[in-house]
Amino acid sequence: MEGRIDLRITEKGVIAVLPPRRGKLLEEILSRGLGELLADDTVLLRAESLEDAVAMLIELGVREDELAVEGKSVGFKAEVTRKHGVLVCPNCGSPDLERIGIPGLTPTLYVCRKCGFATYLPLEVLPE
C-alpha cells in the first residue's frame, strides 16, 4: 500500500517497510536503537510481536490508519450505512424471532421460535 508503513513477520523478526516520505521516522527509529536498517526503506524492528511493533510506531507518532500488516490496514474503519438487514438468531440463523419487552421501558429480548434461543443481541444480516 503506497504511503503506509507495511509490517511483515519474517524469520528475522518484525520488518517495517517505510514509504519514501518517512525519512524522519527512519532516523528516529535508528537513533533510538529501536531497529536496524536492512535496505533503503526496510527496517528490522526490535519488537517481539506485531502488537509491540504497532505500539512502538504509534508511540513515535504514527497514526494507526497509516499502518498495514502484510498489506492489510491495521486501523479500524467503521462503515455507516442506511441499509437495514434482517435480524436472525445467532444460534441457528433463523429469521423467525419473537420480540419480548415493553418498548422504551425494558430491553427487547429476542426469542427464536425455531430453536428457543433467547438473546438481547440478534445478528443483523445485510442483503448483498
Side-chain angles (χ1 to χ4, degrees):
M1 298 183 136
E2 188 173 300
R4 292 200 178 171
I5 299 168
D6 193 18
L7 300 174
R8 300 176 188 274
I9 300 264
T10 67
E11 62 279 346
K12 292 181 180 182
V14 180
I15 297 212
V17 180
L18 306 175
R21 64 178 175 79
R22 298 312 282 241
K24 286 186 178 184
L25 177 63
L26 177 60
E27 289 174 16
E28 189 73 22
I29 291 170
L30 297 177
S31 69
R32 289 190 184 190
L34 300 174
E36 65 182 78
L37 190 62
L38 297 179
D40 288 342
D41 62 348
T42 306
V43 181
L44 174 62
L45 297 174
R46 299 198 198 295
E48 295 189 20
S49 67
L50 275 173
E51 292 82 15
D52 290 345
V54 168
M56 175 193 307
L57 292 171
I58 289 173
E59 186 176 310
L60 291 172
V62 176
R63 293 189 330 261
E64 217 174 293
D65 64 342
E66 295 177 305
L67 296 173
V69 176
E70 302 287 338
K72 295 185 178 149
S73 178
V74 170
F76 176 79
K77 182 179 176 185
E79 180 182 338
V80 177
T81 179
R82 293 189 184 268
K83 296 178 185 175
H84 293 284
V86 176
L87 297 179
V88 298
C89 174
N91 188 49
C92 71
S94 171
D96 192 10
L97 299 175
E98 179 180 357
R99 296 171 62 160
I100 299 174
I102 302 168
L105 294 177
T106 62
T108 302
L109 179 66
Y110 296 87
V111 179
C112 179
R113 290 184 178 123
K114 182 176 179 185
C115 71
F117 187 78
T119 182
Y120 290 104
L121 298 172
L123 296 177
E124 183 175 11
V125 179
L126 296 175
E128 293 282 333

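Hydrophobic clustering places L18 together with I9 (ILVMFWY residues linked when any side-chain heavy atoms are closer than 4.5 Å, directly or through intermediates).
In this structure, CD1 in I15 is found 5.5 Å from CG in L44, a value given to the nearest 0.5 Å. Here CG of L97 is found 9.5 Å from OG1 of T119. Values are rounded to the nearest 0.5 Å. Taking SG of C89 as the start and CG of L123 as the end, the distance is 8.0 Å to the nearest 0.5 Å. Interatomic distance, L37 CG to L30 CG, rounded to the nearest 0.5 Å: 6.0 Å.
Pairing each heavy atom of P90 with each of P122, the nearest pair is CD-CA, 4.2 Å. Residues V86 and P95 share a closest heavy-atom pair of CG1-CB, 3.9 Å.
Listed by chain and residue number, T108, Y110 satisfy the side-chain contact (heavy atoms from CB on, under 4.5 Å) test with R99 (two or more places apart in sequence, or in another chain). Take I102 and apply the side-chain contact (heavy atoms from CB on, under 4.5 Å) test, not counting sequence neighbours, and it matches L105, T106. Not a single salt bridge (Lys or Arg N to Asp or Glu O under 4.0 Å) links D41 to another residue, sequence neighbours left out.
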Check step by step if side-chain contact (heavy atoms from CB on, under 4.5 Å) holds for I58 and E64.
CA-CA 7 Å; I58 289 173; E64 217 174 293; 4.0 Å; yes

Can you check side-chain contact (heavy atoms from CB on, under 4.5 Å) on L26 and V43, steps first, answer last?
CA-CA 8 Å; L26 177 60; V43 181; 3.2 Å; yes

Worked check of side-chain contact (heavy atoms from CB on, under 4.5 Å) between L67 and V54
CA-CA 8 Å; L67 296 173; V54 168; 3.8 Å; yes

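Under a 3.5 Å cut-off, the side chain of E124 and the backbone N or O of G85 do form a donor-acceptor pair. For S31 (side chain) and E28 (main-chain N/O), a donor-acceptor pair under 3.5 Å exists by modelled atom type.
Counting only residues at least two apart or in different chains, salt bridge (Lys or Arg N to Asp or Glu O under 4.0 Å) contacts with residues 45-59 comprise E36-R46. The side-chain hydrogen bond (donor to acceptor under 3.5 Å, both in side chains) contacts involving residues 89-98 comprise D96-R113, where partners must be two or more places apart or lie in separate chains.
Grouping Ile, Leu, Val, Met, Phe, Trp and Tyr by side-chain contacts under 4.5 Å, direct or through others, puts Y120 with I100, L109, V111.
You'll find the side chain of I5 stays beyond 4.5 Å of the side chain of V17, heavy atoms only. Counting heavy atoms from C-beta on, the side chains of L34 and L45 never come closer than 4.5 Å.
Between E66 and R63 there is a salt bridge, since at least one side-chain N of the basic residue sits less than 4.0 Å from a carboxylate O of the acidic one. Between R4 and D6 there is no salt bridge, since none of the side-chain N atoms of the basic residue sits less than 4.0 Å from a carboxylate O of the acidic one.
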